[in-house]
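Take a look at the structure below.
Every value quoted in this text rests on a predicted model; they were computed, and no experiment measured them. Lettering of chains follows the sequences in order, A, B, ..., and the numbering in each one begins at 1.
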Protein chains: 2
Amino acid sequence: MIEIPTIKDVAKKAGVSVTTVSRVLNNRGYISEATRRKVYQAMEDLDYHPNEVARSLFRKKSNIIGLIVPTVAHPFFGELTSYLETYAYSRGYKVLICNSQLNALKEQEYIWMLRRNQVDGIVMASHTLEVEEYKKLNLPVVSFDRFISSRIPYVTSDNYQGGRLAVEHLLQRGCTKIAHLCGSLDLDMLANQRHRAFMNVAEEKNIPYCTVQTDVNVFEVDEYEELLTDLLVRHPDLDGLFLNSDIMAIAAIKVCGKLGMRIPQDIKIIGYDDVSIASLVSPQITTIRQPLAQMSELSVKLIEDLVKKKAVPTENCLPVELIERGTT
Amino acid sequence: MIEIPTIKDVAKKAGVSVTTVSRVLNNRGYISEATRRKVYQAMEDLDYHPNEVARSLFRKKSNIIGLIVPTVAHPFFGELTSYLETYAYSRGYKVLICNSQLNALKEQEYIWMLRRNQVDGIVMASHTLEVEEYKKLNLPVVSFDRFISSRIPYVTSDNYQGGRLAVEHLLQRGCTKIAHLCGSLDLDMLANQRHRAFMNVAEEKNIPYCTVQTDVNVFEVDEYEELLTDLLVRHPDLDGLFLNSDIMAIAAIKVCGKLGMRIPQDIKIIGYDDVSIASLVSPQITTIRQPLAQMSELSVKLIEDLVKKKAVPTENCLPVELIERGTT
DNA sequence: CAGTATATGTCAACCGGTTGTCATCTGACC
DNA sequence: GGTCAGATGACAACCGGTTGACATATACTG
C-alpha cells in the first residue's frame, strides 16, 4: 500500500501552494482556469480524495445524520431507512444506522456514540428512554412518531385519523365485533392515538371491541401469532381485526387460516403502514398508508433546519390514506 | 447552547494537565486512582464526550464500516444490515449505510464518499460496477456474494448446494416440470450457481424446465408478478417453481392464486433466503435458508482482519439449509 | 499613472485530540 | 544517601485540512 496522498502532495504535484489547492477545493478566492485545471489534474494523477475527517474537525460539521431505529430488519423501518438515507444523501448527508432493539441501554449508548462522532443531528425512531434523556441532548434531534418536548420537533402521520379510517372501514364492511392489536399503551407513543380512535369510534357506533397489547418490544414478530391465537380462541365471534402494522396483519392472516376462518368472509383484517409486502401477500392487505417517503424527507429537512438554527414547527403531522384491498 | 467542552475544559476543571486527561482517557502511563477519579468527575460535571472526529484524524482510523446494499427496504438486505450493524457495534464499529438502488453511478459515488470519510472498510453487497473499479480500491473490502478478485475476500453461502437442494426437493415432491426465476445471469453473481445447479439437476433427472431472468434491477418487486404471470400463462403445465428469494415466492403465491392454481396441490413453490416473513405468510414458504447472521458476522471479522493486515481466506462459503414448509 | 480586480504565495493559527520527550517531585527500598 | 518506580506536568509536533492576514505581481480600466 502506498501512502495516501494529502493536500500537500497535490500542491507539490501541481506546482502550487496548499492554500491554492484548498481554494480550488472550496471554490473561494480567485483561481484562474489554468491553475484549477492543473490542480484537478494533480488530484486525478494522485487519486487524491480530500479527508473528510479533517474537514469535519475544522468545520465542526460532519454531515452525518444518526438514525436510531428498533431494527432495520422490520420492513417498516427498513423502508424508512431506505427513504431517509436516499433523501439525506441527495442533500449531502450520510447516515449512521443504529439498531436499538428497543433496548434502553443500547439506545443510550448509541446516543452517546453519535454525539462523540459529532453527528449533525439524530433522527430518533426508537423511544425507550425517559423523555428527560432526550431533552438534555443539546443537539438537533427529530423524533419519529413521538412527542418528547416542545423543543424537539416530531414527524408523524395522522394516527387518530388512521385509526378512525380503519375502524370505520371495518364497520362499513359489516363488522359487529372488533379487536385492535397494538403496541404497549404504557409508552406514550403517538401511535396510541390509533387506539383512542379505535375505541371512540367503536363506542360511538356501539360496537363491542377488545384490545390486545404486545409486549414493550413491539417488533418481536414471533409474539404476534400467540397473542392473536389467544385472542381469537377467546373471542370466536370477532369479525374484524385492526392491526397496528402490516406485519401483524400477515400474522393475523396466518392465524385465521389455522383457525379455519375465511378472510374476508368470516373475518376482516386491516393493517397499518402499507409497507411493500402488504400488496404482495395473498390476500392483499387492506391498510392505512403512512406517507413514509414524505415523512423521511421531512425528517431530514427538519434536521437541516435545526442545524441552521432556523425555527421549525414542533408538530409535523402528515395525512394518511385508506388503501382497500383483499382482506376486508 | 453552551460551548461543547473540550479536553482542555476537563483538564482545567479537574485541576490537571491535558496530558493527564488524555492518559486517563487512553489508559496509558502512570495515573493514580485519585487523579483518575477527579478526571472522571470533571468529565461528568461538564458532560464531556471525547470528539471522535479528532481522534479518528490522529489515529487514521475511524472505526466506521461502510455498507453498500441495493436497498435496505428489501427484507433480505434489511436483515443483513441489522445483523451486520449489531455485530459491528459489538466490535466497536459503526455502520454507514448506503443504498445504491443498483445504480452504478450511485454506487461509485458511495465508494468515493466512504473513502473520503476514511471508513476502515467497505462491505459491498451491491455489485453494479466493473470488477476493475473494486480492484483499484486500495482499502479493505469484503464482497458479499460475488467473486471480484483473489485479493478481495468474499462471503457467501453455498449457492450451488442451495439450488440443488431446492430442485431435488421439488422433484422429490413429485414435480414434473419446473421453472426458475432468478436475477440477470449476465452479471457474474455467485447466486447464478443456483441456476447452474437447477439446470444440472433437472437435466440429470430428465425433467423439463424453464428459466426466467429479471431485469438487472432484481429488487424491483413490481416486476415479479408480471414475469410470473407471463411464465405461468405460457407454461400452464408447470408444477414446480424455484424462486431466487422469498419475496419472489410471495409474489408467486399471489400469481398462482390469481390463476386459480392451488399450492401445493397444483404447483409447488420454493423460495430462497428464509427471511423472517417467509414463515409468517400463508402458506408458509418452503425455502433455502442462508445463514445471514453468521455471514454478517464473518463479513465484519474479515474487515477487522484486513484492517490489521492479517491474511484472510478469499473464499468464505457458509452452508445452507432446506426449510420445509407449506408451499411444497 | 493611479486604482482596482485578478491571481497566487507565505505564514500562522486553528479544529480537538494524541503522543513522545524531558523535567520534576515524592516516597520506598537497599 | 543513592536509586528507582510512580505520578504528573510542560511543551511541541502531528493528524489533514481551512482560513484569515498580508504581501506581491500582473493586467485592465478610466
Nearest listed nucleotide, side chain of [X], among [options]:
{"X": "F58(B)", "options": "dC15(D), dT10(C), dG17(D)", "value": "dC15(D)"}
{"X": "T19(B)", "options": "dC11(D), dT8(D), dC14(C)", "value": "dC11(D)"}
{"X": "T6(A)", "options": "dT18(C), dT18(D), dG16(D)", "value": "dG16(D)"}
{"X": "L57(A)", "options": "dT18(D), dG16(D), dA7(C)", "value": "dG16(D)"}
{"X": "I7(A)", "options": "dG9(D), dT18(D), dG9(C)", "value": "dT18(D)"}
{"X": "K60(A)", "options": "dG16(C), dG20(D), dT18(D)", "value": "dG16(C)"}
{"X": "Y48(B)", "options": "dG9(D), dG17(C), dG16(D)", "value": "dG17(C)"}

### Message
Once you apply a heavy-atom cut-off of 4.0 Å, does V16(A) come out as touching a base, just sugar-phosphate, or nothing?
### Response
sugar-phosphate

### Task
Have a look at S32(B) and say if it touches a base, only the backbone sugar-phosphate, or nothing, with a 4.0 Å heavy-atom cut-off.
sugar-phosphate

Grab the [atom1]-[atom2] distance between [X] and [N] for me, whole Å please.
{"X": "K8(B)", "N": "dC11(D)", "atom1": "NZ", "atom2": "P", "answer": "13 Å"}
{"X": "Y30(A)", "N": "dA5(C)", "atom1": "OH", "atom2": "P", "answer": "7 Å"}
{"X": "R28(B)", "N": "dT19(C)", "atom1": "CZ", "atom2": "C1'", "answer": "7 Å"}
{"X": "N63(A)", "N": "dT18(D)", "atom1": "CG", "atom2": "P", "answer": "13 Å"}
{"X": "L46(A)", "N": "dG17(D)", "atom1": "CG", "atom2": "C1'", "answer": "16 Å"}
{"X": "K12(A)", "N": "dG17(D)", "atom1": "NZ", "atom2": "P", "answer": "14 Å"}
{"X": "L25(B)", "N": "dT18(C)", "atom1": "CG", "atom2": "C1'", "answer": "10 Å"}
{"X": "R55(A)", "N": "dC15(C)", "atom1": "CZ", "atom2": "P", "answer": "19 Å"}

Can [X] and [Y] be counted as an ion pair, charged N to O under 4.0 angstrom?
{"X": "R37(A)", "Y": "E33(A)", "result": "yes"}
{"X": "E132(B)", "Y": "K135(B)", "result": "yes"}
{"X": "K301(B)", "Y": "E304(B)", "result": "no"}
{"X": "R115(A)", "Y": "D47(B)", "result": "yes"}

Below the 4.0 Å mark, does [N] have OP1 or OP2 next to a side-chain nitrogen or oxygen of [X]?
{"X": "R59(B)", "N": "dG17(C)", "answer": "no"}
{"X": "N51(A)", "N": "dG17(D)", "answer": "no"}
{"X": "S22(A)", "N": "dT18(D)", "answer": "yes"}

### Query
Mind checking whether Y110(A) and Y89(B) have parallel, tilted or perpendicular rings, split at 30° and 60°?
tilted

### Query
Is there a donor and acceptor pair, one atom on the side chain of R23(B) and one on the base of dG9(D), closer than 3.5 Å?
yes

### Query
Taking for each residue the nucleotide of DNA chain D with the nearest heavy atom, is it I31(B) or A54(B) whose nucleotide lies nearer the 5' end?
I31(B)

#### Entry: Atom of R146(B), atom of Y134(B) and distance for their closest heavy-atom approach
NH1-CE1, 4.0 Å

